[in-house]
Amino acid sequence: MPVLNDKPVSSDAAAPVLQLAGVAHRYGATAILTDFSLSMARGEHRLLIGPSGSGKSTLINLICGFLRPQEGIIRVSGEPISDGSEAKRDAVRKAHIAVVFQALRLVSALGVADNLVLAARLADRQPSRSEVHDLLDELGIADKAHARPRQLSQGEAQRAAIARALIARPALLIADEPTSALDRTNAETVAAMLLRLADVHGTTLLIATHDERLRPFFPRVTELDAPAPGPAQ
């Protein structure tokens, strides 16, 4: 079950970027999350760590509004994303959240720069070409602006996916297992880069991972344990 090492959720008018209070979710008889609470202030960076099956993916899907919790409430920038219609949850996610998925999900038919433009427009932003270029330059892939995803190395594709997330100017950036396929040196490089970019862009960063090598980079860590199976039926 989750190890809860966070302060109780505050009702202060200055809303945290992310609040989860009393969240519970089950699959059949197995409790993935039970009375789970978490609060992240603007500009805070946190590591969510646990083995496979501990609920990391479920928690990301709940935070993003892809799933609804069976109990509890989740707010992003003060707006509830744990209830309401699918359209309402989509609107909250679009306004406040960007995700770098483990499968990077770049649009294969578009070049890197056009992937960023599309992501921004989906978030109701109209970025200038100079903004797109500057962000790609910041990530060291400005020379790949017109390359298709299949023409990129794994590292370049990951940087493109990070740029695509940041172009939406999210309040909350979630990275799902960003270092699982990397050696130690590259894993440390990616962790440091994500932290630096989050600071520069004023974004709250949540990394979900099983990679213990990332612990030294994060003073705030939330641990998830593999759930115990429910009683036999």
Side-chain angles (χ1 to χ4, degrees), residues 1-10 16-40 44-77 79-94 96-105 161 165 170 172-182 187 191 194 204-215 217-218 220-233:
M1 304 307 298
V3 176
L4 303 184
N5 56 0
D6 297 284
K7 297 179 181 179
V9 174
S10 171
V17 168
L18 177 63
Q19 282 183 300
L20 297 90
V23 171
H25 201 78
R26 303 176 68 89
Y27 292 113
T30 302
I32 303 299
L33 298 167
T34 301
D35 195 24
F36 183 84
S37 298
L38 173 70
S39 180
M40 292 183 68
E44 178 182 332
H45 309 320
R46 181 176 292 271
L47 193 69
L48 177 68
I49 194 163
S52 296
S54 61
K56 298 188 302 297
S57 294
T58 297
L59 194 52
I60 289 174
N61 286 328
L62 290 167
I63 291 169
C64 292
F66 298 129
L67 290 176
R68 295 175 64 174
Q70 289 148 349
E71 297 177 25
I73 189 165
I74 302 170
R75 293 185 177 92
V76 181
S77 293
E79 297 189 58
I81 198 171
S82 52
D83 56 13
S85 67
E86 183 177 348
K88 179 181 176 182
R89 300 196 309 275
D90 286 348
V92 175
R93 179 176 59 253
K94 184 171 70 171
H96 302 296
I97 302 173
V99 185
V100 180
F101 292 99
Q102 189 172 4
L104 299 177
R105 303 189 184 184
L172 175 64
L173 174 63
I174 300 173
D176 183 16
E177 296 285 6
T179 61
S180 59
L182 303 178
L194 283 167
T204 298
L205 174 65
L206 177 65
I207 292 183
T209 187
H210 68 270
D211 192 346
E212 293 283 344
R213 299 173 299 181
L214 300 191
R215 278 186 184 271
F217 291 87
F218 290 83
R220 297 178 179 87
V221 177
T222 294
E223 299 183 10
L224 299 178
D225 294 330
Q233 300 296 315

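By convention here, the first residue in the shown sequence is residue 1. This is a predicted model, so every value here is computed, not measured.
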Enquirer: If every non-hydrogen atom of D211 is compared with every non-hydrogen atom of T209, which pair is closest and at what distance?
Expert: N-OG1, 2.8 Å
Enquirer: What distance do D35 atom CG and E71 atom CD have between them, rounded to the nearest 0.5 Å?
Expert: 8.5 Å
Enquirer: Using side-chain heavy atoms (C-beta onward) and a distance below 4.5 Å, is L172 in contact with H96?
Expert: no
Enquirer: Do I60 and I174 have side chains that approach each other closer than 4.5 Å (heavy atoms only, starting at C-beta)?
Expert: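 Touching, per the 4.5 Å side-chain cut-off.
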Enquirer: Measure from the side-chain N and O atoms of S82 to the backbone N and O of I74, and report whether any donor-acceptor pair falls under 3.5 Å.
Expert: yes
Enquirer: How far apart are the closest heavy atoms of P51 and H210, and which atoms are they?
Expert: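 Looking at all heavy atoms of both residues, the shortest contact is CA-CB, 4.4 Å.
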Enquirer: Which value, rounded to the nearest 0.5 Å, describes the distance between I81 atom CD1 and L67 atom CG?
Expert: 11.0 Å
Enquirer: Closest approach of A165 and A98, non-hydrogen atoms and distance?
Expert: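 Nearest heavy atoms, A165 then A98: O-CB, 3.4 Å.
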Enquirer: Taking all heavy atoms of M40 and all of P16, pick out the closest pair and write down the distance.
Expert: O-CB, 3.2 Å
Enquirer: Out of L33, L59, L62, which one pairs with P69 under the side chain to side chain contact (heavy atoms under 4.5 Å, CB included) rule?
Expert: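 It is L62; the other options fail the test.
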Enquirer: With sequence neighbours excluded, tell me which residues meet side chain to side chain donor-acceptor pair (under 3.5 Å) with N61.
Expert: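 Expected list: none.
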Enquirer: With respect to L48, which candidate in I63, L38, L206 satisfies the side chain to side chain contact (heavy atoms under 4.5 Å, CB included) definition?
Expert: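 One option only clears the test, and that one is L206.
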Enquirer: Is there a donor-acceptor contact under 3.5 Å from the side chain of T179 to the main chain of L182?
Expert: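 Such a contact is absent between T179 side chain and L182 backbone.
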Enquirer: Please tell me if the side chains of R89 and V92 come closer than 4.5 Å, counting only heavy atoms from C-beta onward.
Expert: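 Not in contact.
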Enquirer: Compare all side-chain heavy atoms of Y27 with those of I32 and state whether any distance is below 4.5 angstrom.
Expert: yes
Enquirer: Between R93 and C64, is there a donor-acceptor pair closer than 3.5 Å when you use the side chain of the first and the backbone of the second?
Expert: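 Looks like yes, one N/O pair under 3.5 Å.
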Enquirer: Which is it for F36 and T222 under the side-chain contact (heavy atoms from CB on, under 4.5 Å) test, yes or no, and what are the steps along the way?
Expert: CA-CA 11 Å; F36 183 84; T222 294; 3.9 Å; yes
Enquirer: First locate atom CZ of R46, then atom OG1 of T204, and finally report the distance between them rounded to the nearest 0.5 Å.
Expert: 11.0 Å
Enquirer: Do L214 and I49 come within less than 4.5 Å of each other through their side chains, counting heavy atoms only?
Expert: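 L214 vs I49: side chains apart.
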Enquirer: Without swapping roles, check the side chain of S39 against the backbone of Q19 for a donor-acceptor pair under 3.5 Å.
Expert: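 Checking the backbone N and O of Q19 against the side chain of S39, no donor-acceptor pair under 3.5 Å is found.
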Enquirer: Any heavy-atom pair between the side chains of E44 and V17 that's under 4.5 Å?
Expert: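 Sidechains of E44 and V17: no contact.
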Enquirer: For the residue pair V221 and R215, what are the closest heavy atoms and their distance?
Expert: CG1-NH1, 3.7 Å
Enquirer: Okay, side chain of K56, backbone of G50: is any donor-acceptor separation there less than 3.5 Å?
Expert: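 Yes.
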Enquirer: Can you tell me how far CZ of R75 sits from CG of L20, rounded to the nearest 0.5 angstrom?
Expert: 10.5 Å
Enquirer: Any idea which heavy atoms bring R213 and A187 closest together, and the distance?
Expert: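 For R213 versus A187, the nearest heavy atoms are NH2-CB, 3.6 Å.
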